[in-house]
Structure formats: C-alpha cells, structure tokens
There are 2 protein chains.
Amino acid sequence: MNASPSARRGREVRERLQAAAAELIAERGWSAVSTRLLADRAGVGPGLVHYHFPSLQALLSEAALGTVRALADELGALLDRADGLDEGLTGLLAALDHYDGRDTTSLLFSEVYLAAARDPELGAALADVLGATRRRIARWLAAHGAPAPEDTAAVLTAALDGVMLHRPLDAQLTSARVAPVLRRALHP
Amino acid sequence: MNASPSARRGREVRERLQAAAAELIAERGWSAVSTRLLADRAGVGPGLVHYHFPSLQALLSEAALGTVRALADELGALLDRADGLDEGLTGLLAALDHYDGRDTTSLLFSEVYLAAARDPELGAALADVLGATRRRIARWLAAHGAPAPEDTAAVLTAALDGVMLHRPLDAQLTSARVAPVLRRALHP
DNA sequence: CTATGGTTTGGGCAGTCGCCCAATGCGATC
DNA sequence: GATCGCATTGGGCGACTGCCCAAACCATAG
C-alpha cells in the first residue's frame, strides 16, 4: 500500500536522494557525484542508494530528468499566459534572469545535456522532453505569426541554453541585452 | 636550449598529454579523466603527468583552453574572409556542420564552460578568450551594418554554443535550419 | 672517462570508488 | 505473542584515485 508508513518513508528517502543528486550534479559535476557523498547529503546510510536505485547513473539520470521536466513545464505554462510575441519572449527571459548560471538549475541543465550525449538511454529521454517543449513553443510562435515556427523554436531553445552556459563567464548577459536580439529573430 | 634532444622530446610528450586530455575530457567528462588513463592514452608512464604539469586540473585546463583558442581563431579568420553579413553567417554555420555534437571538439567546449563555472582561474581565462572572440565578431557585425553589434555578437556566440549542446539530441539541427532564423537577428 | 641535468619509469601511499550483503529495525498482519 | 515484509545500517570487496619519489636513463659538457 502507498499509505504504509514504511513505504511512505521509503518514498521520502527516494525523493531526498533525488534532490541531493540534483544539487551535487550542479556542485561537483555529473561524474564527480559519489554514492557516499549523495547518501551524506540526503542524510541516509550509503547502502540506501543502491537499495532504491539500480545504479548511481540511474539515480543521476532520474533526478536530472525530473528537474528538467519541471522547468520545461513551468516555462511552457508561462508562454501560454503571454498574449503577444514580445511579451512572451520578455517573460521567458525574465524567468531565466532568476538564474545566474552558477545555480543548481542552470548547471544541472548543461550537465544533463553532456551526459545525454554519452548515454543513449538518457539521450532518448531528454530528447523527448526537449521535443515536447519545442513543439509547445512552436505552436505558440505559430499562433502569434512568427515565421518558420519549428525552426525558430529549435534555435530559440538552443539560444536560451547557450545563454545559461555563457552566463557564469559574463554576468552582464541578462535579458535586457539578449531580448532585443532574439526579438528580431521572432519577427518576419 | 629548445633544440636539446631531451628537451624537445619532453615538449612532444607535453603536447601528447594535452592532446590525450582533450580527447578524454570529451569522451569521459571533465571529472572522469584520471592520470593513469591520460598517461595510457599518451603512451607514457603514469608519473609523467605530474612531472610536466603541477596537477591534473592544470593539465585539463591548459589542454581545454588550447583547443578553444584554436577554434576561436579559426572561426574569427573565417569571418574576416567573408564579404557580407549573410555570407559570413552561412560560413560560420557551415563550419559548425562539420561537428555532430558528439565529437571531441563540441563536447570539450561544453565541458570547459561547465568547468569554468566552478574554477575561477579557468573562468577568467575562458572569459578572456570568449571576450576577444565576441569583440572580433562585433567589429565584423558593425562593419556590415548589423544592429547593436556587441549584444548581437554575445547572443550569436551563445546561440552557436547552444546549438552544439543540443545537436546530439537532434541530428536535424543543422545549418540549413538554423541559418534562416539567426539571419533575421542580424538584420535591422 | 666522469659529471651534469633534464626526462622517464614504476611502484607506493593513503584515501575513495561502485556495488554488495548479512544483520537489524520496525510497523502490519495473523 | 509470533511472523512477515519492506526499509535501513554499516562494513567489506577489489579496483581505482591524485600525487609523490627513489632510481634509472641518456645526450651533452668538461
């Protein structure tokens, strides 16, 4: 049963492990996250990692995908609330201004792209999320008269990830400077 | 002297170690490159790594910076040879089509950005290279009448790195689809 | 011939790695 | 009370980690 006390505690530990994994991937880098470090951060014994997850890689992948899906949904919902092209773009970039490129979320995004380039299974899962997000953005672009919605959505998402990748090197790279440039790409 | 046989052999080994480092950073990821793996790939004894370099991190940083500088120079020179805005952009993207996002160069780029977000010294060095490249592109953009050259150059470089980050997940993300979108961002 | 100086080797140090497993804890069920 | 089943612990396995160093190698200088 889901309501069984021990089962629920188990689910909580699973979630704490995933949260710790997301933090540590960003802090140390994907391949520098160890089982003991992970268990320590989650406040559990080292053996629990391999009780709840078949392998360390599986835990990292699951945690990373969860974080990516959450932010993708959030940004997608943000677009649905926007009325015009420029308003949507501004909102999108303003949301990204909350991340400085050194935070858990930004670094985790870059890390999971890299890991996906080396792990086919993770790559397929991440491609699914990315594809869904791009289609969602493409529909929004098409509804507001942007040219070549599919390609524009693809380049827009890549550009946003690229900005987050560059931001730690240039703190000035904020939405105020980025928006006017991308705005031109969205208009015929 | 530089021409001393042993000194020259030493320089060759240094270069072989750097080449091996660039390969392995891309293959395994920055934090999964070990001294023994490195020495093996370079065909030398494990002790040589710490004879030629003060630390493993120093070797990785030096190797990565070398690769980044080389490609940045190459793309900069390519721009200088281009006549118009569109021709330059097309050439830039065509050059990137030679990389599929899973190759040594593309992956190393993403890895070094991530490493630079965690290592201030590497971050400063990489910011120098990135800054120089952006100024070079900005001058070229300004000479050809593009609006807001500085900001456009910043977004353009970020977008190109973002495309390389996404390419392993979507092999269709080639210059043919990217160029028309970015082209709009370069014109008033 | 014997230094000399830089280059190279291979093993050793203390510590960490992923993963495994017998033992234990503990609430639910009978 | 006993028994069951899932969650949890902590130690152990062999392999690997970054870094160090005594010793050997070898072309040149004296």
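Below, chains carry the letters A, B, ... as their sequence lines are ordered, and counting in each starts from 1.
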(message) The side chain of A/V44 is closest to which nucleotide in this list: D/dT9, C/dT9, D/dG10?
(response) D/dT9
(message) I want to verify a distance call: between C/dC19, C/dG10, D/dT8, whose nearest atom is closest to the A/H50 side chain?
(response) C/dC19
In whole angstrom, give the distance that lies between atom [atom1] of [X] and atom [atom2] of [N].
X: A/R16; N: D/dA7; atom1: CZ; atom2: P; result: 14 Å
X: B/L48; N: D/dC19; atom1: CG; atom2: C1'; result: 14 Å
X: B/R11; N: C/dG6; atom1: CZ; atom2: C1'; result: 15 Å
X: B/L60; N: D/dT17; atom1: CG; atom2: C1'; result: 14 Å
X: A/H52; N: C/dC19; atom1: NE2; atom2: C1'; result: 16 Å
X: A/R28; N: D/dT17; atom1: CZ; atom2: P; result: 18 Å

(request) State which residues pass side chain to side chain donor-acceptor pair (under 3.5 Å) with A/D100; sequence neighbours excluded, sorted by chain then number. (result) none
(request) With sequence neighbours left out, write down each residue that passes side chain to side chain donor-acceptor pair (under 3.5 Å) with B/S106, or none if nothing qualifies. (result) B/D103
(message) Counting the atoms with a prime plus P, OP1 and OP2 as sugar-phosphate, which does A/V13 contact under 4.0 Å by heavy atoms, base, sugar-phosphate, or nothing?
(response) sugar-phosphate
Inter- and intrachain pairs under salt bridge (Lys or Arg N to Asp or Glu O under 4.0 Å), touching [range], at least two apart:
range: residues 123-147 of chain B; value: A/D170-B/R134, B/D80-B/R136
range: residues 59-73 of chain A; value: A/R14-A/E62
range: residues 20-35 of chain B; value: B/E23-B/R41, B/E27-B/R41

(request) Report yes if at least one side-chain N or O of A/Y51 is closer than 4.0 Å to OP1 or OP2 of D/dA7; otherwise report no. (result) yes
Tabulated below should be each protein N or O lying under 3.5 Å from an N or O of nucleotides 15-17 of chain C; please produce it.
| unit_1 | atom_1 | unit_2 | atom_2 | d |
| --- | --- | --- | --- | --- |
| C/dC17 | OP1 | A/S34 | OG | 2.7 |

(request) Walk me through it: do B/D86 and B/H187 pass the test side-chain hydrogen bond (donor to acceptor under 3.5 Å, both in side chains)? (result) CA-CA 9 Å; B/D86 294 347; B/H187 291 274; 2.7 Å; yes
